[in-house]
Amino acid sequence: GCGSSGSGGKAPASAEPAGATQSPAAKPETPAASKKLVVYAAMNEDDIIQIQKKFKEDTGIDIEYLRLSGPGEASTRIQAEKASPKADIMIGGSSEFYDPLGQQGLLEKYTSPNAKEIDSQFNDPNGYWQGWYMGVLGIVLNTDRFKKELEPKGVKEPKTWDDLLDPNYKGQFITSNPATAGGAYIFAADQLFRLGEEKGWDYLKKLHGNVHHYTQGAVDGINLTATGEFVAGMSWAHDIVKSAKQGYPIKVIVPEQTAFEIGGSAVVKGGPNADNAKKFIDWLLTKPVGEMNTKLSNRYSVRKDVEPPAGMIKIEDVKLVNYDRVKASEMKAEVVKKFTDMIGAK
Amino acid sequence: MISSLSEAWEDLKRIKNEPALAVVLAAAAIVTLYFVIWPVLKVVSLPRLSDYWTLFTNSRWTDAFLHSMFMTAISTLSCTAIAFAFAYALTRLNVPLKGLFRFVTILPIVSPPFIVALSYILLFGRQGIVTKQILHLNTDIYGWHGLWLVQTITFFPYAFTVLYGVMRTGSVSLEYAAYNLGASRWQVFKDIVLPLSKPGLAGGALIAAMNVLADFGNPIIIAGNYTLLPTEAYMQMSGLYNLPMAAALSTALLVPALCLFMLNRYWVGRRSYVTVTGKETSLPHYPVPLYVKWGLFSFCLLVSLFVLTVYGVLFYGAFTKVWGYDWSFTLKNMYYVFDKRREMINSINYAVASALAASLLSLPLAYAVQRKRIGVNRILDFIALLPGAVPGVFLGLGFAMAFNEPPLAFTGTSAIMIVALMFWNLPVCYSSNLAGLQQIGTSLEEASYNLGAGSFGTFRHILLPLLRGPFLSGMVMSFLRSVTCLSVIIFLYSAKTSVGTISILGLVQNGAWGSASALTGALIIIAFAILGAAFLTLKRRGHSMEL
Amino acid sequence: MSIHSEECIIRIDQVSKSFGAFQAVRQVSLDIEKGSFTTLLGPSGCGKTTLMRLIAGFYEPDAGQIFIEGSRVNGKPAFKRNTPLVFQEYALFPHMTVFDNIAYGLKLRKTERTVIRRKVEEMLDMFGLRGMESRLPKELSGGQQQRVAFARALVIGQNILLMDEPLSNLDAKMRVEVRSELRELQQRTGVTAIFVTHDQDEALSLSDRIAVFQQGLVRQIGTPWDIYFKPNSRFVADFVGTANFLHGTVAGLEEGDIIVRCHKQLFRVAGNGGSFRTGDQVTLVIRPECIAVSQPSSDVGISFNAWSGDIVRSSFLGHMIRYGVSADSFEWTVDDSSPSLRGYLQGKVGMSVDKRSIHILPAEAKEAQDEQGDRAIS
Amino acid sequence: MSIHSEECIIRIDQVSKSFGAFQAVRQVSLDIEKGSFTTLLGPSGCGKTTLMRLIAGFYEPDAGQIFIEGSRVNGKPAFKRNTPLVFQEYALFPHMTVFDNIAYGLKLRKTERTVIRRKVEEMLDMFGLRGMESRLPKELSGGQQQRVAFARALVIGQNILLMDEPLSNLDAKMRVEVRSELRELQQRTGVTAIFVTHDQDEALSLSDRIAVFQQGLVRQIGTPWDIYFKPNSRFVADFVGTANFLHGTVAGLEEGDIIVRCHKQLFRVAGNGGSFRTGDQVTLVIRPECIAVSQPSSDVGISFNAWSGDIVRSSFLGHMIRYGVSADSFEWTVDDSSPSLRGYLQGKVGMSVDKRSIHILPAEAKEAQDEQGDRAIS
Ligand SMILES: Nc1ncnc2c1ncn2[C@@H]1O[C@H](COP(=O)(O)OP(=O)(O)OP(=O)(O)O)[C@@H](O)[C@H]1O
Ligand SMILES: Nc1ncnc2c1ncn2[C@@H]1O[C@H](COP(=O)(O)OP(=O)(O)OP(=O)(O)O)[C@@H](O)[C@H]1O
Ligand SMILES: [Mg+2]
Ligand SMILES: [Mg+2]
């Protein structure tokens, strides 16, 4: 992959990229002796380093990783490289990013034997991707400003999505746009599933009255809240925790009936080390790896036998909305359009 | 028409006499064509027709298109105006602090991703240190007006560079002629100075406009609900995994860029504004009234303070415990700087290499377009500017797609990083060298031929030394913007070729803003230190370094 | 040197101007009569342009005063002075058509459109520029550009016209043609003209009065005739034409004539009331065209105002042949102005000069020393 | 027109060059002798520079051939031709010192460093540029720059030196001085010089041969004397000096002289073997300095070569006064070359001209028509 060809072309995989592209389908299987694995990781640097270390300990295989800043970037790379794939594994980011890749035939179908131990909603019905962690949406609250400005008015810390409709948040709440941010769409769909079509839209419309503006990315609001530009915002809980750990006066609140994303992983079709890739997926689903990741990234593991992340409520206590992924992706275009019209009509 | 054809024929005949020159010019042209057109085509051909169709039907995107046009228009105006003020003050007025003003016209070229935009918010946001704490204003920076401000400050240096070059050589005696006929200062400005600065204004505006048009780093944070084409395109890709739609959106950007280019060439091309006659007069600039002089000075000072504050916050943030919240002093962020040594070194290496390569390539291109009429000038001219019109992300993406397969596959190497940055910088170097060449009379070249030097000798001994100014200023600009470039390389870096900005991005995503600004600060300081060292060594070797 | 007259339209009084330590104009006084044509003549760098710019208000004098039409203009900005200037390099506005260039000054004066059109058209006719009104300056030849520059300055109808070497960019033939046009124009319009040049022919043929400059100083002011035939210094004599300079000593006074000994030779010079005394060191100025040359010649030996020599060089200029004639270790410059009949002279020739054609000057301090360095070809 | 000679170093054979539809040089043939000084003279825009550039190889001819030192150079690039050119605008390299400018051509020829130094120093001495070798061009005066341009072209020691109006940027006084230096230099070095100018004085005083150009054509080639006194056309006569043109008819032939009637007046013209017949339409060319003028005059009436008229204008040029004299509705231009004694003439004057000083030309087609338009002041 990027890493391998960068190392001076010594690696066998990169020695014959031309041959590989001429007949990608007929690419010969890499010899089982391969002790390498190329991973495109849309995750934290520290996290992937730990995974690299532990995988080596457990299997003796060297991971060559490329850290990417987001799953969009990873999937774009895989699309751009389809003529001669450089990666074996793509990992991290919401499963929604994996579906189109699978449809384009860029992913290898693989269902790990370990997937049986996991709730079926975390496994791709089509078999392209494998869920291995879970992130939930949460509220970020700037405690400083909240205490100074809202508490004196008798406002309580928000516990539910509905609490955000309090007019005291007017112009002080920030969230992201479903048309541009994956998380924002999940949030919107969450409301529709939670309250039903009509009331759901009603909620979004009312919330719109409080929203200062919709950021392009799901995480953009966190910094703005952390530095005190806004009092509250909506984003991924684990990202909020990351910022909070830096020392900002913010806290994360996971409200009832929140929605979640499934952290994906998949085998890239035609990658240089296909066998090792499968081994990696199997390994990823084991309990120790789940525990390690939870500790590092503040995300829930898909395994029920793994403790929740520190500072967050137990997964049993998280009241997840009944989120229908198939329906969500079906109605997406329509919802985004309606949403765009709604905020445009302001 | 016929005469130009016959001249072209004559030039071809002459080039035939010098096969080496022909080879170099052809090679430069072909390399440029290949590395610009091929990646762009890759991006353009990605979307399906239906994707393109939605550009017209989706109101969000028609809005974004209109917004982009509007933002480009007003930012170009303000960029050019500020650039003009600075160029006027620096070339015409006898005011103090010229060194500072000159510095301020370079500083914003180093525009590290995210951090600058967030510095703006910290200073001028709703809770901004300046706006709220000092001035007690209830302003709201988010939206088109805030973005306008930020884009103006970020991109006026590009317009400045072009304008400065032109205004420095403006003819004073024409102004005196107008005064002599009874024109007041304002009338002289309106009737003479302004119209004669037209090529500079047009060139500067073009460069600024293309940059504003293609930028997404600032809008993504500052624009609020204001949608723009590049941000839409970027979000389609990174947030919504719709690569074809993203490509379609960025292709839509090419249309206005092409229009801008043609408008510019048409506007400037028709009339002659040559004021450099070779006969220099010793007239000093006509004294401007004190209120104009000090008014302009104050204006420049204000802009300077503004820029310095923004960058000051950035630097200061590097030494604070929690960036933007807890301002107490700490050195802990410096740890990351040492930790990311390799990335920083990569950043500098690639920036140096690509700036050098871009300026070197731009020379034969500018030479071919300006001096040799070989038939394809117009096309070459446009192609050399084209990379400036596509958002960096898409240039990078184009590279990732185009050079991952035969005939040329070198993704993942340092080479692709350098080549991509090089072509991204090409328009900057090219326009600078082109303007420079236009000012050198052909008789100098002829004198050199006449004394027995071939095209190469003439180029080396005469043109190159005379082009030093534009050449260096193009190179410096390229270097500075490469050091802090993220967009172009985001799809191109590999584990071993990761650069400083990628680490900054990682830190930002972790919310570690303090460390991110420490890294940014260090990068900027190293970049300027290298520049300073280069200038000093050149100076010691007896070359004047007039930029 | 300053004549105070009712008719004096520009008065320059003890004006000085320095650039840094360099004195470009030093205590110049000059009075310009209404309707006159005055030329500032001098070598390159002597301060002519600087003085012009002081009048037009581009520079402020360091000392001294300038009066225009009776009122002191020191400190008055250029655009309020009404002293249109024709620039040496034309300084036409490259982005305006010929019409717009000429009309510019009128537009600034808020003249009515129809009046502008009429006046500009008058100018176009006067300068033979009809049909070119919508061209850009770059589409004109040098001579046409120069005429536009004149028209632009004249059209606003001021009493004063300043011209800074306006003819220097024309080709030699054209320069002579334009000269007479220019003089006619000035006389027709009655404008007061100040003209700068370093070409003595131009200065002599155009002017009512000439001011000869040297290094920021006015060396002599006078009519062309006086400047040419009665220069007050060697510099002026040399600059306004070619001359033979002879250093000598007054040997005696005779019938109002002065007898001067130069080397072994004696010259009789018409006295003209000059106050020279026997023994005075003097310089004789003899113009080459005032020397009559003849061939073949009998050796006239050393006698008053006649001598002989050998032709050592000759240069054909069409209307005359200029000879270098060596006599007694001095090389004379002699012009033969009727070459068409005689052809080239060669070998030994006789020369003579009328006593009235010799101009006598007191020797300048420096000259007395480097007598040896005297050379004829100047 | 093409003289084939062993000594011919440059041969231009039927060369043409167009820019678009505009013919800048038309079928020009010209042979340049080794060691000669040839001047291309003509008004602005007549194609002089274009021809020069054709020789130097900056342009390729559309038709015709150019030979240099015996070999055909068509298609040979400029940098292989060894035809150093002094540019009108000097074209000194602004980033190089005087020394480096001069040394440039030698460096390109891979000359040894010590040799370069010696040769450049020779040039510095020859042109009085010692002590300035490390200055940049912008730190030199115009005259000094011009000398560096000469040195740069001469130092490479070629046999040929091309000069395109090299003196036009100097002031009038200096131009005359440099002229003689230039001629001396050429004779000393024996270089073959081709010189472009539009200044007839320069051309006449410098050249061995002059080629007069008009609109891309060579009108006449000859010695300065021939060009001035025996012009083959009205254009040449007019361009190389001032002349009176009279249109007339041959009235008879007498003792080898031609009798010509112009209006009411008869002129006797020395025949010189010209083949004119009674009734031929001719143009007489009379130079103003060839006309003797006297005052007071008895009215000489209508007689051979003598007539009278009224002075209507006069212009003082120092060494002469040029008069406009009106006689019989024709205005004569007459030069009086000894004004110092007579002063200005006024009123009625008598004029006469020697029959040998009248040049006779067949009337040109166009001329015959606009006889009325004949004007003396050209
Ligand atoms: N702005 C200036 N700064 C310094 N020196 C100057 C300046 N302007 C003129 N000078 C010097 O003052 C002197 C007089 O200059 P000026 O232009 O008046 O000369 P000039 O007589 O017009 O000469 P020319 O015939 O070459 O135009 C020159 O030696 C020139 O170098
Ligand atoms: N590159 C060109 N394109 C079109 N026309 C040209 C070009 N070069 C010269 N000409 C035209 O050819 C004619 C001859 O030009 P050239 O420069 O040879 O004139 P010249 O005799 O040197 O005049 P001058 O004395 O003004 O220098 C001019 O009318 C000019 O306009
Ligand atoms: Mg001057
Ligand atoms: Mg020419």
Side-chain angles (χ1 to χ4, degrees), chain B residues 3 92 94 166-167 169-202 266-293 438-439 441, chain C residues 19-20 22 24 45 49-50 52-53 55-60 77-97 100-111 136-139 145 148-149 151-158 160-162 164-165 168-169:
Chain B
S3 83
R92 303 294 182 93
N94 182 21
V166 172
M167 302 243 321
T169 57
S171 168
V172 196
S173 61
L174 291 179
E175 288 164 44
Y176 272 90
Y179 285 120
N180 181 253
L181 291 170
S184 65
R185 293 188 175 91
W186 165 244
Q187 283 165 325
V188 170
F189 182 77
K190 175 173 67 79
D191 297 339
I192 312 295
V193 177
L194 214 51
L196 287 178
S197 308
K198 218 165 156 185
L201 287 170
Y266 174 77
W267 199 48
V268 177
R270 275 188 317 164
R271 289 188 166 194
S272 153
Y273 300 91
V274 178
T275 53
V276 192
T277 55
K279 263 192 181 163
E280 288 306 310
T281 52
S282 54
L283 278 169
H285 286 284
Y286 197 77
V288 301
L290 288 184
Y291 65 87
V292 171
K293 176 176 166 181
Q438 278 163 346
Q439 292 182 352
Chain C
F19 298 108
F22 181 81
T49 297
T50 307
M52 211 67 150
R53 290 180 177 167
I55 298 172
F58 299 168
Y59 298 144
E60 277 302 312
F79 55 89
K80 289 184 184 156
R81 290 209 185 179
N82 286 326
T83 48
L85 169 64
V86 181
F87 285 68
Q88 179 167 353
E89 65 281 19
Y90 309 152
L92 297 184
F93 306 126
H95 57 301
M96 296 185 190
T97 61
D100 290 340
N101 260 287
I102 300 178
Y104 188 63
L106 294 174
K107 278 190 192 141
L108 292 173
R109 284 169 179 72
K110 306 245 181 301
T111 317
L136 290 173
K138 66 164 181 185
E139 295 163 350
Q145 288 187 26
V148 176
R152 187 178 68 178
L154 270 177
V155 76
I156 44 181
Q158 295 303 328
I160 296 172
L161 180 62
L162 309 178
D164 191 359
E165 303 190 21
S168 64
N169 285 333

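Since the model is a prediction, treat every value here as computed from it, not as a measurement. Residue numbers start from 1 in every chain, and the chains themselves are labelled A, B, ... in the order their sequence lines are given, proteins ahead of strands.
- Minimum heavy-atom separation, C/Arg109 to B/Gly182: NH2-CA, 4.2 Å.
- Scanning both residues, C/Leu108 and B/Asp191, for their nearest heavy atoms gives CD2-OD2, 4.3 Å.
- When the side-chain contact (heavy atoms from CB on, under 4.5 Å) test is applied to B/Ala177, the partners found at least two apart in sequence or on another chain are C/Phe87, C/Ala91, C/Phe93, C/Arg152.
- The backbone N or O of C/Ala78 sits nowhere less than 3.5 Å from a side-chain atom of B/Asn180 that would complete a donor-acceptor pair.
- Proximity to chain B (any heavy atom under 4.5 Å) is shown, for C/Leu106, by neither the backbone nor the side chain.
- For B/Lys190, the NZ atom sits in a packed shell: over 12 heavy atoms of surrounding residues, nucleotides or ligands are nearer than 6.0 Å.
- Here C/Ala24 pairs with C/Phe19, C/Phe22, C/Thr50 under the side-chain contact (heavy atoms from CB on, under 4.5 Å) rule; sequence neighbours left out.
- Nearest heavy-atom pair, C/Tyr104 versus B/Ala178, reported as atom, atom and distance to 0.1 Å: CE2-CB, 3.9 Å.
- Using a 4.5 Å cut-off between heavy atoms, C/Ile156 touches chain B through its side chain atoms alone.
- When the candidates C/Thr49, C/Thr83, C/Val155 are compared by the number of heavy-atom contacts under 4.5 Å with chain B, C/Thr83 comes out ahead.
- Once rounded to the nearest 0.5 Å, the distance linking CD1 of B/Ile192 with CE of C/Met96 reads 4.0 Å.
- Residue contact with chain B, scored on non-hydrogen atoms closer than 4.5 Å, involves the backbone and the side chain of C/Pro77 alike.
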